[in-house]
Amino acid sequence: MHITLNGEPYELDQPVSITDLLTKLDIDPRRVAIEHNLAILKRQRFPDVVVGDGDTIEIVNFVGGG
Amino acid sequence: MHITLNGEPYELDQPVSITDLLTKLDIDPRRVAIEHNLAILKRQRFPDVVVGDGDTIEIVNFVGGG
Amino acid sequence: MHITLNGEPYELDQPVSITDLLTKLDIDPRRVAIEHNLAILKRQRFPDVVVGDGDTIEIVNFVGGG
Amino acid sequence: MHITLNGEPYELDQPVSITDLLTKLDIDPRRVAIEHNLAILKRQRFPDVVVGDGDTIEIVNFVGGG
Amino acid sequence: MNDTPFVIAGRTFRSRLIVGTGKYSSNAVMAQAHEASGADMVTVAVRRVNISDRSRESLLDYIDTSRIFILPNTAGCYSADEAIRTAHLGREAGLSNWVKLEVIGDERTLFPDNEALIAATRTLVKDGFVVLPYTNDDPIACRKLEDAGAAAVMPLGAPIGSGLGIQNVNNIRIIRELSHVPVIVDAGVGTASDAALAMELGADGVLMNTAIAGADHPVAMASAMKHAIIAGRLAFIAGRIPKKMYATASSPLEGVVGR
Amino acid sequence: MNDTPFVIAGRTFRSRLIVGTGKYSSNAVMAQAHEASGADMVTVAVRRVNISDRSRESLLDYIDTSRIFILPNTAGCYSADEAIRTAHLGREAGLSNWVKLEVIGDERTLFPDNEALIAATRTLVKDGFVVLPYTNDDPIACRKLEDAGAAAVMPLGAPIGSGLGIQNVNNIRIIRELSHVPVIVDAGVGTASDAALAMELGADGVLMNTAIAGADHPVAMASAMKHAIIAGRLAFIAGRIPKKMYATASSPLEGVVGR
Amino acid sequence: MNDTPFVIAGRTFRSRLIVGTGKYSSNAVMAQAHEASGADMVTVAVRRVNISDRSRESLLDYIDTSRIFILPNTAGCYSADEAIRTAHLGREAGLSNWVKLEVIGDERTLFPDNEALIAATRTLVKDGFVVLPYTNDDPIACRKLEDAGAAAVMPLGAPIGSGLGIQNVNNIRIIRELSHVPVIVDAGVGTASDAALAMELGADGVLMNTAIAGADHPVAMASAMKHAIIAGRLAFIAGRIPKKMYATASSPLEGVVGR
Amino acid sequence: MNDTPFVIAGRTFRSRLIVGTGKYSSNAVMAQAHEASGADMVTVAVRRVNISDRSRESLLDYIDTSRIFILPNTAGCYSADEAIRTAHLGREAGLSNWVKLEVIGDERTLFPDNEALIAATRTLVKDGFVVLPYTNDDPIACRKLEDAGAAAVMPLGAPIGSGLGIQNVNNIRIIRELSHVPVIVDAGVGTASDAALAMELGADGVLMNTAIAGADHPVAMASAMKHAIIAGRLAFIAGRIPKKMYATASSPLEGVVGR
């Protein structure tokens, strides 16, 4: 299945939870914010929300800026 | 009859045309612009337009400014 | 006898040493510098140097300045 | 014979007047000022003053400046 | 060398100096100052005729409209609606569809309310006006005014009547670089060197009132400003020398006597 | 209104702008720039004639001495003796007893050596010269030069050829207030607004070379400077408006439609 | 004498200096600079995690969040929607509902789009954010931001990263006088005296990044800025002497020897 | 990073701020201001003791001479002779052979008479003094003072007590570059940013009196100046960012959400 991850096409074998996706990507859930199909997800919902085919995911964190 | 002329109450004995009003006020029609009940009047209509009871008239001209 | 003290005329009954003059004027010798007839006096000479008639004495100290 | 002309050594076969020197150098006398052995020469003296061996001559004119 | 003509909305002006008509001790002095300034565009305010007590003499009796173009303004308007209404009255009273658009945001600074100004510009352009908006030295606001159809942008140099001169030369320079319409510095000029500086920054023109009308000798100052605008413009196109921290001799280094 | 004439040592000049003759791409361009500047006094350097290889054309062929007064200078001199010697040669080569006196103290800044300058002024005044000394913006040095008999004082605005403009407006204003001879700002002007500012500070005149000769278009810049000097002078005598932190309306506050 | 505390939206900060986290040669240097600056609020950008190639180390590993408050910003956003969306993500990623709101209007100047900024401020305030908008030195825009519920206004001193210093001191002073919320000068500071000047004008704080991160020695500059902010604030509350054109002796005039 | 120590004539000072002792409302306030300033050198005037009516308390009772070095000055002297005579008296009254040498040339400006100053410096150096001359911002005068044996040069930033700040930054920078002794900006500072700027120009120290003593709250201003001097010095050695006309983003350009 295809999703759009941070603006790029991304392949997944099957629907996964946000938590699993982060694990797969080796991203610490406590350091990021996630937008699922333009809706922002509270951190506690990461385990329940499932990423399906065609979904759009934004994963952001803090970087240096002024 | 009562009208509002440049924001002040003003008395008229009877309905008059804009042209007559200007004559009465000793104002040169070629130097002013007139708003009748919020509608701007073309100069050529001054003779036809009649000022009635309760009307609001604005008569403006150019003054020094920057 | 007359001397000039800090630009003003000043009376003395008799010749006195600088030390005595300072005592008379109630001035602490350690805080001032003295010019005797345009010559600057070292502090240790205050007891020996005698002020005579017509002499010119300048007594200065430090004051606030920038 | 040797002279110093504008700071440089210069050869002359024989003593010449300032006027002749200027002619030889193709310099218009009306446009220059001349110093002969540190003494400034009035223009009318150019024909009479003779440049001798070892003399120092400065010939100056106006150039662009600010 | 030849300069490009000063053109706004297809109309060419001889002078890059635009002056006001306010605060003069008399209309006669104003007329002399206008003459001395060489300006061929002057701005006027639109106000209610005083019914109760009216002086016979009209401002326009002192302006040779055959030579001088009248630019009505919306000074004193604090909302887009007021400004639009005043602009329409000015057009009706006047001889043209031009307006110096002012929408003031604050009484103490007389700075523009750019949001309302941009909105009013959009409306008036649709209504067929040639709009010259008075704004502040904000390059983004100037770009939006241009996008809204403004025929020129008129950033302030300093608060109206303050005489402080160009407070932010960098912004005026940037506005000139980013704009595709004439840039006219409007307000803040105090003396001749301020006007010259505005032109050296690349401004296409300068509009002023108080600096002339409020001077001890308005006619002399008007003449000063005429020359200052010409001077600044010429300097801009002549291409100034670069600034250096140290000196460079103007005279030859060699040939000094006795060296 | 009428201005007082610009008089130095009893001689009246039409223009308050004095220009140089150095660094032009050609004498022809210089002549056009002089014409455009309106100056009736120009300064020239005194140098050794190049014996070995001399161009036929003389600088003076390009200056109409019937209209333009020649002011020889002592540029490049680093001691009172050199300057005095050069001044005497200049008098002999020229048509007058005037000299723009320079005694340079340092090669990088070309700032004056005021001690030597004051001494040289004293000597040259005794020798019958009309001395116009180039100095820095030091009111005390200017007073001493005046006491030494200088016909004018010429404080710098910034280093020669730097184009930095007037670095210390306060000093120039003070020098004008304390002096009893003409004050001519000499050196440092970069563009028209600098020249106008100098005049607004009360300077009686401005002398410049590089700002014109070094511009991309010297003739246009010369014209710019002509107008800038007139503008600054007129503004000075016209009496500028005071500076205010806040705005003051140019148009009437009352009579706005709909209020 | 005691100063009032620096409070924004009910939260008190020890330091009036707010610093950025961008453009440092390394996170280690950044951490040292933060320490030297004494700042207890730093701003960070919100960006997509780099999926393909991610460095292990996170910015937050180098910020002691027990002492330093994190202020997410919306740098790089060119519309209200982008900025609002980014603000929400920042709140989710972070520990607070504060946001340094930026809506950029132009890539070359990075000046704010005030119309969009005001709209975004209104929305985010409704959404429960504490909004600190980056704006320009426009008193009217600042008033509208305050009316929209901004917890502070952050006018720029000069373009971001330009190091030009406060270009318009008059506007900053006016904004301070007309505002009822803290005024923080954001962007444009180049060196210590710029920061001190901002505080002397009455600013409640200063936010900077490039001036420190881009200096040859960022840690030393951070320390310089710490002292500059303290100096400027103290000078503001100490009440400076008035400016005079002439001198006033510091030492007694009488009692000079030999007079 | 480490700074070089501040050394004059072989003596090292902890603080680069030198303060005066004049014009304080009371000696107690002065002592607190000195403490707050962190200065370890203060300057004092030499004056005749008032015979007729003498206050018991001596200035020195309020200066901890174990920590603070006393620098007698020759303020109020208008000739080399007066200054030399006063310097000798100051040495006799004091504890050292140091003198802040002033030879004033004019009562309104209190500007130095450089000719007399250089002569007096030569004499006093021969007499074994460590001479710190107060001069103006003339690089040539500063070089001559250095050649005459001055232990430091102290150019003014603006007239004494004027509070105008550094009027000619270019000259101070040039003096620093051309000098081989410490450069101390003496006089003209009005507020903290002026002091920071002086240090950023490369000055080794700043001497001030009125800016502190004349402030509404002298002790707070003394503290402000302490921080300003540290800030300016650190900024100077830290190496400031270059100035740019346009912006440079502080945050990454890529990775913005939704792009």
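Heavy-atom basis, side chains included; hydrogens, waters and symmetry copies ignored. Residue numbering restarts at 1 for every chain, and letters A, B, ... go by the order of the sequence lines.
The greatest number of non-hydrogen atom pairs below 4.5 Å with chain E, out of Met221(F), Lys244(F), Arg47(F), is found for Arg47(F). Looking only at heavy-atom pairs under 4.5 Å with chain E, the residue among Ala238(F), Ser251(F), Ala231(F), Gly161(F) that has the most is Ala238(F). Most heavy-atom pairs under 4.5 Å with chain E: of the set Glu107(F), Met225(F), Lys243(F), Met199(F), this distinction falls to Lys243(F). With respect to chain F, the highest number of heavy-atom pairs below 4.5 Å among Lys226(E), Arg233(E), Arg240(E), Glu82(E) belongs to Arg240(E). The residue among Ile104(E), Thr191(E), Thr109(E) with the most heavy atom pairs within less than 4.5 Å of chain F is Thr191(E). Among Ser162(E), Gly163(E), Ala196(E), the residue with the largest count of heavy-atom pairs under 4.5 Å with chain F is Ser162(E). Counting heavy-atom pairs closer than 4.5 Å to chain E, the top-ranked of the candidates Gly20(F), Ala211(F), Gly232(F), Gly165(F) is Ala211(F). Note: Ala224(E) leads Gly22(E), Ala220(E), Ala224(E) in heavy-atom pairs under 4.5 Å with chain F. Most heavy-atom pairs under 4.5 Å with chain E, from the set Asp106(F), Ile212(F), Asp194(F), Val257(F): that is Val257(F). Put simply, of Leu110(F), Thr74(F), Leu253(F), the one with the most heavy-atom pairs under 4.5 Å next to chain E is Leu110(F).
There is no contact between Pro218(E) and chain F, counting heavy-atom distances below 4.5 Å. If you measure heavy-atom distances from Glu102(E) to chain F, you find no contacts under 4.5 Å at all. Both the backbone and the side chain of Tyr78(E) come within contact range of chain F, with heavy atoms under 4.5 Å apart. With a 4.5 angstrom heavy-atom cutoff, Leu89(E) touches chain F only via side-chain atoms. Within the 4.5 angstrom heavy-atom criterion, only side-chain atoms of Arg85(E), from C-beta onward, approach chain F. Contacts between Val219(E) and chain F at a heavy-atom distance below 4.5 Å are absent for every atom of the residue.
Contact between Ala249(F) and Ile160(E) at its shortest, heavy atoms only, is CA-CG2, 4.4 Å. In terms of heavy-atom proximity, Gly90(E) sits nearest to Pro72(E) at O-CG, 4.2 Å. Here the shortest heavy-atom pairing between Pro159(E) and Tyr246(F) reads CB-C, 4.1 Å. Annotation for Leu117(F) and Pro112(F): closest pair CD2-CB, 4.4 Å, computed over non-hydrogen atoms.
Checking Thr210(E) against Lys23(E) by side-chain atom types alone, a donor-acceptor pair falls below 3.5 Å.
Leu132(E) pairs in a side chain to side chain contact (heavy atoms under 4.5 Å, CB included) with only one of the listed residues (Val99(E), Asn73(E), Leu207(E), Leu71(E)), which is Leu71(E).
Side chains of Met245(E) and Leu164(F) form no contact here, defined as non-hydrogen atoms less than 4.5 Å apart. Phe236(F) places none of its side-chain heavy atoms less than 4.5 Å from the side chain of Asp3(F).
In this structure, the separation between CD1 on Ile229(E) and CG on Leu234(E) is 11.5 Å, given to the nearest 0.5 Å. Atoms CG and CD1, from Leu59(E) and Ile70(E) in turn, are 7.0 Å apart once rounded to the nearest 0.5 Å.
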